[in-house]
Amino acid sequence: MQSPVQMGFVVTNECASSALADIAHAEPFEPRYEPRSDELRHLYREEGQAKRRMDARPGLWIAVAIYLLFSATDLLLIPDVALYTIMARFAVGVTALLILEAQLRRGVGTEWIDVTCAGAIIFGYVGWLCPAVMGADKESVSYYMVFGTIFMMSANLFFTFKFSLSIVTSAIILVILYAVNYFVPSTLMYKLVFGTFYISCFTFTSYVNWKLNEERYNVFLNALEAKIQHKEATERGQALLNLSRTDPLTGLENRRAIDEKLRDYWSDWQRSGSSFVAILIDVDFFKRFNDYYGHQEGDRCLILVANALAEMIKQHNGSIGRYGGEEFIVLARMEKREQVADIAEAIRSTVENLALPHEQRRDGISVVTVSVGAAFTRPQTGAKLEKIIHEADRALYLAKAGGRNCTWLFDPNDPQSSDESENIAALLKIAIGQDLVSLVYQPIQNVTSGRVEAVEALMRLKMLDGTSVPPSLFIPVAERTGAVLALGRWAIRTVCTELLADDHVRVVSVNVSPIQLKTPGFATSVAAILSETGVAGSRLALEITEGLEMEMHSDVLRCISDLKLLGIRIWLDDFGTGFAGLSWLRLIDFDTVKIDRSFLHDCGTPRGKAMLQDIIALVRNRGHKILVEGVETDEQMAIVREFDIDKIQGFHVGRPAPAASFRARPVTYKRQFSVVKSA
């Protein structure tokens, strides 16, 4: 059976949500005690035993010391037998102390220690009394016997015996007093006065002892109540603290708690050089999972992933928390960079091995996976705490861009993740205002007529000192930072004003990022640009790159549908380089499909040529026009003619050039504003 203290201390703390419910519905703590209940009395006795045991040694030593000091009164009042009384005092006192020390060493029960102390009081009185009554001066002896009441007081007031033991001990002293009082020669009046005094002393000290015991019991109850209330308040406060530091869904630490640990890790690294790793984990295509399977299954997915990762991270003595949405963060102390790669791969494989079904992804994988980005402390990390998280975030972005279900360790020497990319990010913020960004145009030729019927707009960026920045470097940074949205609108407006508004070319194609298509209002912003510049939607083509970033969710499909309503041509770029191309061909009616240059360049072998022919047949059966990129030689030109390709692009047709190169001969045709106006 649980004690009241144990029962009062029980707090349900299985998970953060139940703690919240407990706190929300908990009533004020009002302990109810039964003052005479056996349970509380038992608890009081247990606590009293511990206190009596602790007080027994100093109490008896002090009592024996005082007992021996009273030898001086023996010398004054009964000098003829003082030697015997003093010897008796020493014999009783030393014997009592030896017995007590032996009992304490052997760990005997508290009750036996109390009996030893009570026996010391009785035998101390008897041992002194026996030689004292043999004194020649009977009158002095009769008055000296009054000191016997001190032993009675010791039993009731000096030691904290149980009340019953105190009464028995003091009663024995009282009986001895009466016996000696009866036999010592004295007057009747003396016997009556001192007999009454003995009874009064016994009654008074026993009453005070009883009151003290009751008071001790009440103090015990009040202390117990205060202890329980303090414990409950402490546990409720701890529950609230845990709740504020715990993610309610997964039970992991939340961002607040993990940020505190990150500061501790960072302080240790700055102070003593204790290296650590910060790892960001993102569940791949989780929005698609959530939309298809439902929010309950989405929550279950996150819980299963969190539990599996938490169990795995324990082996590395690390910390894991939920960093928001479907993103988790791991912190662990590491000594070597190689260890980081191992733990990152362990994280990735742990989730993949769960084999949670995810049939809505189009990358050849049908289970839930994660992308992992890690950053390791190094001398160049700097003095700012946010730096390592920023580096881990960049590594995570590159892991997702690299195909997902993979790991990426931040490398300061990698152009995509180095500090140079941060300089580019800052440059992109001012690129439009400082005229650091421009467009060049590469012609697209109709194979049958030989005429240039369109151009592709290609973005160029230069630094403040005029140094060119490769598109392969600044485009990923623009997508990661969101700068691609402003750059995309600028590019569409620029092609309209530079070439389309004055009929210099018939059609201009502009590459768009999946981020742009996912952004609400993108189609509306394009319609506004067409209306302002007076350009028909049919003269603008937007190239969508086939790749893993091109998720086929409803927002993207709706945006593409809105763009087609404006008359804008939708082209599929780099067909054949990703996993999603066939699904895109099934879902969207593209005007043109651009086959990646790698297939044409592989035509030097029979197998490569057959592959290109199969791709062309596949696209042609869907009814799309075909454009082949990378035509650079007469031999490649002959192949595209052999395969009856519609359009080509490459150095054989023309290199990218400024807009001025296409303004010599304007193309005249009837503009169509109806679609723009209706939009």
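Because the structure is a prediction, the values reported are computed rather than measured.
- The closest side-chain donor-acceptor pair between E456 and S509, if any, does not fall under 3.5 angstrom.
- Considering every non-hydrogen atom in both L428 and A483, the closest pair reads CB-CB, 4.1 Å.
- Screening L309, V367, I281, L356 for a side chain to side chain contact (heavy atoms under 4.5 Å, CB included) with V351, the sole residue that qualifies is L309.
- In summary, the side chains of S468 and K462 do not present any donor paired with an acceptor at a separation below 3.5 Å, with no hydrogens or angles considered.
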Checklist entry - Where do D282 and S371 land on the side chain to side chain donor-acceptor pair (under 3.5 Å) test, with the steps shown first? => result CA-CA 5 Å; D282 189 81; S371 299; 5.8 Å; no
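- There is no side-chain donor-acceptor pair under 3.5 Å between N290 and E297.
- Each of L439, V526, V495 was compared with V510 under the side chain to side chain contact (heavy atoms under 4.5 Å, CB included) criterion, and only V495 meets it.
- Taking 4.0 Å as the cut-off between side-chain N and carboxylate O, E543 and K594 count as a salt-bridged pair.
- Closest of all the heavy-atom pairs between C406 and A399 is SG-O, 3.1 Å.
- Electrostatic pairing of K287 and D291 counts as a salt bridge here, judged by a charged N lying under 4.0 Å from a carboxylate O.
- Under the 3.5 Å distance criterion, the side-chain polar atoms of T519 are left unmatched by any main-chain donor or acceptor of F522.
- Using modelled atom types, no side-chain atom of H358 and backbone atom of R288 make a donor-acceptor pair closer than 3.5 Å.
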Next on the checklist: salt bridge (charged side-chain N to carboxylate O under 4.0 Å, His left out) for K261 and E253? Distances and angles first, verdict last.
Outcome noted: CA-CA 10 Å; K261 286 195 173 179; E253 292 180 301; 3.2 Å; yes
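- Enclosure of atom OH in Y293 by more than 12 non-hydrogen atoms of other residues, nucleotides or ligands within 6.0 angstrom is indicated.
- At a threshold of 4.5 Å between non-hydrogen side-chain atoms, the residues P471 and R460 count as touching.
- In this structure, R655 forms a cation-pi arrangement with F651, its terminal cationic atom sitting closer than 6.0 Å to the ring centre and no more than 45° off the ring axis.
- Residues A306 and F328 approach most closely at CB-CE2, 3.9 Å, considering heavy atoms.
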Item to check | side chain to side chain donor-acceptor pair (under 3.5 Å) between E479 and S513, worked out | outcome: CA-CA 7 Å; E479 291 183 331; S513 165; 3.1 Å; yes
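- One N or O on the side chain of Y397 and one on the backbone of P476 form a donor-acceptor pair closer than 3.5 Å.
- The existence of a salt bridge linking D268 and R333 is confirmed by a sub-4.0 Å separation between a basic side-chain nitrogen and an acidic carboxylate oxygen.
- The two residues T246 and G251 come nearest to each other via the heavy atoms CG2-O, 3.7 Å.
- At a cut-off of 3.5 Å, with distance as the only test, a side-chain donor of T250 or D247 sits close to an acceptor on the other residue.
- When the shell of 6.0 Å around CE of M312 is examined, it contains more than 12 heavy atoms from other residues, nucleotides or ligands.
- Put simply, OG1 on T369 and CZ on F285 are 7.5 Å apart, with the number rounded to the nearest 0.5 Å.
- In terms of the side-chain contact (heavy atoms from CB on, under 4.5 Å) criterion, D602 has no residue partners (sequence neighbours excluded).
- Judged purely by atom type and a 3.5 angstrom limit, D393 has no side-chain atom pairing as donor or acceptor with the backbone of I389.
- Closest non-hydrogen pair, C559 versus L517, comes out as CB-O, 3.5 Å.
- Of all heavy-atom pairs between L461 and A431, the closest is CD1-CB, 3.8 Å.
- Residues E629 and F599 have side chains not in contact (no heavy-atom distance under 4.5 Å, counting atoms from C-beta outward).
- The aromatic rings of W269 and W266 sit tilted, their planes meeting at an angle between 30° and 60°.
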Name every donor-acceptor pair, under 3.5 Å, that has one atom in a side chain of residues 337-345 and the other anywhere in the protein, sequence neighbours excluded.
from, atom 1, to, atom 2, distance (Å)
R337, NH2, F410, O, 3.0
Q339, OE1, E335, N, 2.8
Q339, OE1, K336, N, 2.8
E345, OE1, R348, NE, 3.2
E345, OE2, R348, NE, 3.2
E345, OE2, R348, NH2, 2.7

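- For the side-chain hydrogen bond (donor to acceptor under 3.5 Å, both in side chains) test, no residue two or more places apart in sequence or in another chain qualifies with Q434.
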